K.L.:
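Before I ask anything, here is the structure I am working with.
Worth saying up front: this structure is predicted, and the values here are computed from it rather than measured. Just so you know, residue 1 is the first one in the sequence shown, and it goes up from there.
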Amino acid sequence: QVQLVESGGGLVQAGGSLRLSCAASGRTISSYAMGWFRQAPGKEREFVAAISWRGGSTSYTDSLKDRFTISRDNAKNTVYLQMNSLKPEDTAVYYCAASRSLTVVTAQGGYAYWGQGTQVTVSS
């Protein structure tokens, strides 16, 4: 079992930045692909970014790839999401997830473990 805990969310003004962290426990995530998803109020959860097991490959939803960066530190069992130039439409609960795949996974169904989420609110 892998337990995931997100942190780093909060309230930020438009144009600001946040870095989300996802700390894993229970098992090393070095053999898991990892991903970030988000769910805005009244909307379905959507894919944000994913990274392969050693960080060599990444994938982003097209509308976010110029502003968001996913990274990982396997030695710290942690995955990050750097979010820059934030917009009010980025307001959502952000979830970290772990996949048993080694390669990038973009589909929610490909993830076996999920965190509880962290709220990001961007004010205009």
K.L.:
Going by atom types only, do Ser99 and Ser101 share a side-chain donor-acceptor pair under 3.5 Å?
P.N.:
no
K.L.:
Mind listing the closest non-hydrogen atom pair of Ala50 and Val104 along with its distance?
P.N.:
CB-CG1, 3.8 Å
K.L.:
In Å and rounded to the nearest 0.5 Å, what is the OH to CD distance from Tyr113 to Gln3?
P.N.:
9.0 Å
K.L.:
For residues Ser17 and Asn84, report the shortest heavy-atom separation together with the two atoms involved.
P.N.:
OG-OD1, 3.0 Å
K.L.:
Should Glu46 and Arg38 count as side-chain neighbours, where that means a heavy-atom distance under 4.5 Å?
P.N.:
yes
K.L.:
Under the side-chain contact (heavy atoms from CB on, under 4.5 Å) rule, what do Leu102 and Ser31 come out as? Steps first, then yes or no, please.
P.N.:
CA-CA 6 Å; Leu102 296 177; Ser31 58; 4.3 Å; yes
K.L.:
Just verifying a value: how many Å separate Ser85 OG and Asp90 CG, rounded to the nearest 0.5 Å?
P.N.:
9.5 Å
K.L.:
Identify the two heavy atoms, one from Leu81 and one from Ala49, that lie closest to each other, and give their separation to 0.1 Å.
P.N.:
CD1-CB, 4.3 Å
K.L.:
Report yes if some heavy atom in the side chain of Ser7 is under 4.5 Å from a heavy atom in the side chain of Thr118; otherwise report no.
P.N.:
no
K.L.:
Side-chain heavy atoms nearer than 4.5 Å, only ILVMFWY residues, links allowed to pass through others: does that put Tyr111 and Ile51 together?
P.N.:
no
K.L.:
Between atom OG1 of Thr69 and atom CE of Met83, what is the distance when rounded to the nearest 0.5 Å?
P.N.:
11.0 Å
K.L.:
Could you walk me through whether Val122 and Glu89 pass the side-chain contact (heavy atoms from CB on, under 4.5 Å) check?
P.N.:
CA-CA 8 Å; Val122 184; Glu89 51 263 43; over 6 Å; no
K.L.:
Answer yes if Val48 and Leu4 sit in the same cluster of Ile, Leu, Val, Met, Phe, Trp and Tyr residues linked by side chain heavy atoms under 4.5 Å apart, and no otherwise.
P.N.:
yes
K.L.:
Which atoms form the tightest heavy-atom contact between Gln116 and Tyr95, and what is the distance?
P.N.:
O-CE2, 3.4 Å
K.L.:
OG/Ser124 to CD/Gln13 distance, rounded to the nearest 0.5 angstrom?
P.N.:
9.5 Å
K.L.:
Minimum heavy-atom separation for Val12 and Leu86, please, with both atom names.
P.N.:
CG1-CD1, 3.6 Å
K.L.:
Please check: side-chain N/O of Arg45 versus main-chain N/O of Val93, any donor-acceptor pairing under 3.5 Å?
P.N.:
no
K.L.:
Does any N or O in the side chain of Glu6 come within less than 3.5 Å of the main-chain N or O of Gly117, such that one atom is a donor and the other an acceptor?
P.N.:
yes
K.L.:
Do you reckon Val79 sits in the same ILVMFWY cluster as Phe47, going by side-chain contacts under 4.5 Å, direct or chained?
P.N.:
no
K.L.:
If you round to the nearest 0.5 Å, how far is CD1 of Ile70 from OG of Ser57?
P.N.:
11.5 Å
K.L.:
Indicate if Tyr80 and Leu18 have the same hydrophobic cluster label, given that clusters are the connected sets of ILVMFWY residues with side-chain heavy-atom separations under 4.5 angstrom.
P.N.:
no
K.L.:
Hydrophobic clusters here meaning ILVMFWY residues chained together by side-chain heavy-atom distances under 4.5 Å, can you tell me if Phe37 and Tyr32 are in one?
P.N.:
no
K.L.:
Examine distances only and state if a side-chain atom of Asp73 and a backbone atom of Thr78 form a donor-acceptor pair shorter than 3.5 Å.
P.N.:
no
K.L.:
Does the side chain of Gln119 reach to within under 4.5 Å of the side chain of Leu11, using non-hydrogen atoms?
P.N.:
no
K.L.:
Locate the shortest heavy-atom distance separating Tyr60 from Phe68; write the atom from each residue and the value.
P.N.:
CE2-O, 3.2 Å
K.L.:
Please round to the nearest 0.5 Å and tell me the distance separating atom CG of Asn74 and atom CD1 of Ile29.
P.N.:
5.5 Å
